[in-house]
Asker: 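After the structure tokens below, expect a handful of questions from me.
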Amino acid sequence: MEKKIAVIRGDGIGPEIVAEAIKVLDAVAARYGHTFTYDEVDMGGVAIDKWGEPLPAAMLDKCLAADSVLLGAVGGPKWDGLPGAQRPEKGLLALRAGMGLYSNLRPAKLWPQLADASPLKPSIVAKGIDFIVVRELTGGVYFGQHKTETVDGQQVATDVMPYSEAEIERIGRIAFETARKRRHKVTSVDKANVLDTSRLWRSVMHRLAAEYPDVEYADMLVDNTAMQIVKDPSQFDVVVTENMFGDILSDEASMITGSIGMIPSSSLGEGTRGLYEPIHGSAPDIAGQNKANPIGTILSAAMMLKYSFGMEEEYAAIEAAVHAVLDAGKRTGDSMAAGCTQVTCSEMGDAIVAAL
Ligand code: NAD
């Protein structure tokens, strides 16, 4: 296959971790006979410095012209004093909107080699943690009407939480299709005992579940889900939910794995083009020191291969290579443990390429 990948190295550790992901992509291309070309995109602080804005239109156009987009991270103290609209993070919001990305997929996977980093009890961790949160990204209360008014002499604030059937159906399809590429199980999370949006959500999900008889389906209330994620996370495969519930549950889910540098994510809209990035930020405290853990970015590139390009075998090969390197005791500083060997960011990338 030939694929054009827009590459946003960004700020802080972004350029270091993206360089390692590209090493791995090139190794995959060589081994499987693919051609990946890279189009460099300026976004975030680096774009503010160079072009005066966090995502110039020409840069968004490059992303729209690519088959998919790989991002390191943006932001840093240098740009913290800028007004809201000019901040690096605005580039990310503009990119998501410009690419029409309405779903965010975040795997919560515990690498057995890093089990000690989980804040959960060993007896829970031993059952395994490997699920993915599919969060609706452009609807619900974050995008509804917000107002604060004075009623009878006191302030009253209102946030409206709208959802249409079409918005629910398209995220639901992403969840069911994702489950078909995993362990064929969807848990749909809502608050149907209280909210109208949740009752509509549930009815649309039930309609979809009938179309995917090969996928096991369950409803779960959001309060119960928050408890189950810490009590027995092994029960989950794909968890699908609306924007605000997903915001909260996906952070809870990534915490239980204990290693921020290891977690990839993807955002998808219509079609196969997506945005793939690690969940962490630009880590200004370790930027430029070749210390960062590149695995979250490498696994984001792996997700791109699987979810945007349909390259299942290549995805599995990268995952297996990460396993092999962790088994060999190689760790970057953030996940260093007794008996392991500390490596730099670039040595970690090299080791994963060697294992491939
Ligand atoms: P952060 O995730 O950058 O860092 C939190 C801590 O985790 C730091 O101690 C950092 O050194 C460590 N860390 C993060 N990634 C690591 C990695 N790959 N390897 C080793 N250690 C790692 O969060 P923050 O400090 O709150 O934010 C720093 C900047 O990043 C801010 O400007 C913030 O706005 C931005 N940010 C960007 C994104 C994004 O680009 N998607 C996401 C979150 C934060």
Side-chain angles (χ1 to χ4, degrees), residues 6-21 23-24 41-49 54-55 59 63 69-99 101 104-106 111 114 117 119 135 137 247 250-251 254-255 257-267 274-303 322 325-326 330-337 340 342-349 351-352:
V7 172
I8 306 173
R9 294 175 195 260
D11 309 313
I13 59 170
E16 300 162 55
I17 52 181
V18 168
E20 300 315 307
K23 265 186 204 168
V24 172
V41 172
D42 294 327
M43 189 181 94
V46 69
I48 294 170
D49 288 352
L55 183 66
M59 295 295 158
C63 296
V69 182
L70 179 67
L71 164 67
V74 295
K78 181 176 175 191
W79 304 279
D80 278 351
L82 292 173
Q86 290 163 32
R87 289 172 60 102
E89 295 79 4
K90 276 284 171 200
L92 193 51
L93 295 180
L95 182 65
R96 286 182 184 150
M99 289 179 66
L101 305 172
N104 182 239
L105 278 69
R106 249 203 215 186
W111 296 79
L114 306 180
R135 167 189 169 193
L137 206 54
D247 189 6
S250 63
D251 267 14
S254 47
M255 261 318 291
T257 69
S259 41
I260 189 174
M262 303 280 298
I263 305 175
S265 78
S266 73
S267 302
L275 171 65
Y276 295 84
E277 56 176 320
I279 66 158
H280 58 74
S282 59
D285 52 329
I286 55 166
Q289 299 172 35
N290 198 15
K291 275 185 183 167
N293 187 344
I295 294 179
T297 318
I298 290 169
L299 294 172
S300 299
M303 283 183 86
V322 172
V325 169
L326 295 177
K330 293 197 164 72
R331 304 278 190 277
T332 43
D334 57 304
S335 47
M336 187 56 192
C340 293
Q342 189 163 338
V343 297
T344 63
C345 178
S346 53
E347 285 168 347
M348 180 57 89
I352 292 170

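Counting convention: from 1, in listed order, for ligands and their atoms alike. Quick caveat, the model's predicted, so the values are computed rather than measured.
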Asker: Closer than 4.0 Å to some heavy atom of A73 - which atoms of ligand 1 meet that?
Answerer: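 Listed by number with element: 40 (O).
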Asker: With the threshold set strictly below 4.0 angstrom, can you tell me whether any protein non-hydrogen atom sits that near atom 28 (C) of ligand 1?
Answerer: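 Flag for atom 28 (C) of ligand 1 set to true, protein heavy atom closer than 4.0 Å.
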Asker: For atom 7 (O) of ligand 1, what is the nearest protein heavy atom, given as residue, atom name and distance?
Answerer: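 Nearest neighbour among protein heavy atoms for atom 7 (O) of ligand 1, to 0.1 Å: I260 CG2, 4.1 Å.
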Asker: Would you say the side chain of C63 lies within less than 4.5 Å of the side chain of L275, judging by non-hydrogen atoms?
Answerer: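 They are not in side-chain contact.
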Asker: Which one holds for L71 and ligand 1: side chain close, backbone close, both close, or neither close, with close meaning a heavy atom under 4.0 Å?
Answerer: neither
Asker: Looking only at protein heavy atoms, identify the closest one to atom 30 (O) of ligand 1 and say how far it is in Å.
Answerer: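 Of the protein heavy atoms, S282 N, 3.0 Å lies nearest.
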Asker: Using modelled atom types only, decide if a donor and an acceptor are shared between the side chain of D11 and the backbone of G45 within a distance under 3.5 Å.
Answerer: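 A pair under 3.5 Å: yes.
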Asker: Consider every N or O of I17 and every N or O of ligand 1, then say whether any pair is closer than 3.5 Å.
Answerer: no
Asker: At what distance, to the nearest 0.5 angstrom, does CZ of R87 lie from CG of L82?
Answerer: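 Those atoms lie 7.5 Å apart.
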Asker: Does the protein come close to atom 25 (O) of ligand 1 - that is, does one of its heavy atoms sit below 4.0 Å from that atom?
Answerer: no
Asker: Could you give the distance from OG1 (T344) to NZ (K330), rounded to the nearest 0.5 Å?
Answerer: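 T344 OG1 to K330 NZ: 11.0 Å, rounded to 0.5 Å.
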Asker: Where the side chain of E89 meets the backbone of V74, is there a donor-acceptor pair that is under 3.5 Å apart?
Answerer: no
Asker: If we only count N/O pairs under 3.5 Å, is G72 in contact with ligand 1?
Answerer: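 By distance alone, the answer is no.
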Asker: Give the residue, atom name and distance (to 0.1 Å) of the protein heavy atom nearest atom 14 (C) of ligand 1.
Answerer: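 For atom 14 (C) of ligand 1, the nearest protein heavy atom comes out as H280 CB, 3.7 Å.
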Asker: Judged on heavy-atom distance to atom 38 (C) of ligand 1, which of G10, P284, G281 sits nearest?
Answerer: G281
Asker: Counting only heavy atoms, which portion of V74 has something under 4.0 Å from ligand 1: side chain, backbone, both, or neither?
Answerer: both
Asker: Is it the side chain, the backbone, both or neither of K291 that has a heavy atom closer than 4.0 Å to ligand 1?
Answerer: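 Answer for K291: neither.
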Asker: Begin with the C-alpha distance, continue with both residues' side-chain angles, and end with the deciding distance and a verdict on salt bridge (charged side-chain N to carboxylate O under 4.0 Å, His left out) for D49 and K78.
Answerer: CA-CA 10 Å; D49 288 352; K78 181 176 175 191; 2.6 Å; yes
Asker: Using a strict cut-off of 4.0 Å, indicate which atoms of ligand 1 neighbour a heavy atom of G76.
Answerer: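 Those of ligand 1 that fall under 4.0 Å from G76 are 32 (O).
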Asker: Could you tell me whether a side-chain N or O of R331 sits under 3.5 Å from a main-chain N or O of L326, the two making a donor and an acceptor?
Answerer: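 Checking the backbone N and O of L326 against the side chain of R331, a donor-acceptor pair under 3.5 Å is found.
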Asker: Can you report which non-hydrogen protein atom sits closest to atom 13 (N) of ligand 1, along with the distance?
Answerer: A283 CB, 4.0 Å
Asker: My understanding is that we take every heavy atom of each candidate and find the minimum distance to atom 21 (N) of ligand 1. Doing that for I286, T332, I8, N293, which one comes out nearest?
Answerer: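 Checking each option, the heavy atom nearest atom 21 (N) of ligand 1 is found in I286.
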Asker: When rounded to the nearest 0.5 angstrom, what distance separates CD1 in I263 from CD1 in I279?
Answerer: 4.0 Å
Asker: Within the structure, does at least one protein heavy atom fall under 4.0 Å of atom 5 (C) of ligand 1?
Answerer: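 For atom 5 (C) of ligand 1 the answer is no, since every protein heavy atom stays at 4.0 Å or beyond.
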Asker: How many angstroms lie between atom CD of E347 and atom CG of N290, to the nearest 0.5 angstrom?
Answerer: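 E347 CD to N290 CG: 7.5 Å, rounded to 0.5 Å.
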Asker: Is the backbone of G75 close enough, under 3.5 Å, to the side chain of S282 for a donor and an acceptor to pair up by distance?
Answerer: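 Present.
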Asker: Nearest protein heavy-atom contact for atom 33 (C) of ligand 1: which residue, which atom, what distance?
Answerer: E89 OE2, 3.7 Å
Asker: For atom 19 (N) of ligand 1, state whether the nearest protein heavy atom is under 4.0 Å away.
Answerer: yes
Asker: Within a distance under 4.0 Å of any heavy atom of E277, pick out the atoms of ligand 1 and give their elements.
Answerer: 41 (N)
Asker: Between CE of M348 and CD1 of I17, what distance do you get to the nearest 0.5 Å?
Answerer: 13.5 Å
Asker: Using a strict cut-off of 4.0 Å, indicate which atoms of ligand 1 neighbour a heavy atom of G75.
Answerer: 32 (O)
Asker: Suppose we measure from atom 9 (O) of ligand 1 to each protein heavy atom; which comes out shortest, and what is that distance?
Answerer: D285 OD2, 3.0 Å
Asker: Between atom CD of E277 and atom CD1 of I8, what is the distance when rounded to the nearest 0.5 Å?
Answerer: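 Nearest 0.5 Å value for the CD-CD1 distance: 8.5 Å.
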Asker: One pair to check against salt bridge (charged side-chain N to carboxylate O under 4.0 Å, His left out): D251 and R106. What are the steps and the verdict?
Answerer: CA-CA 9 Å; D251 267 14; R106 249 203 215 186; 3.0 Å; yes
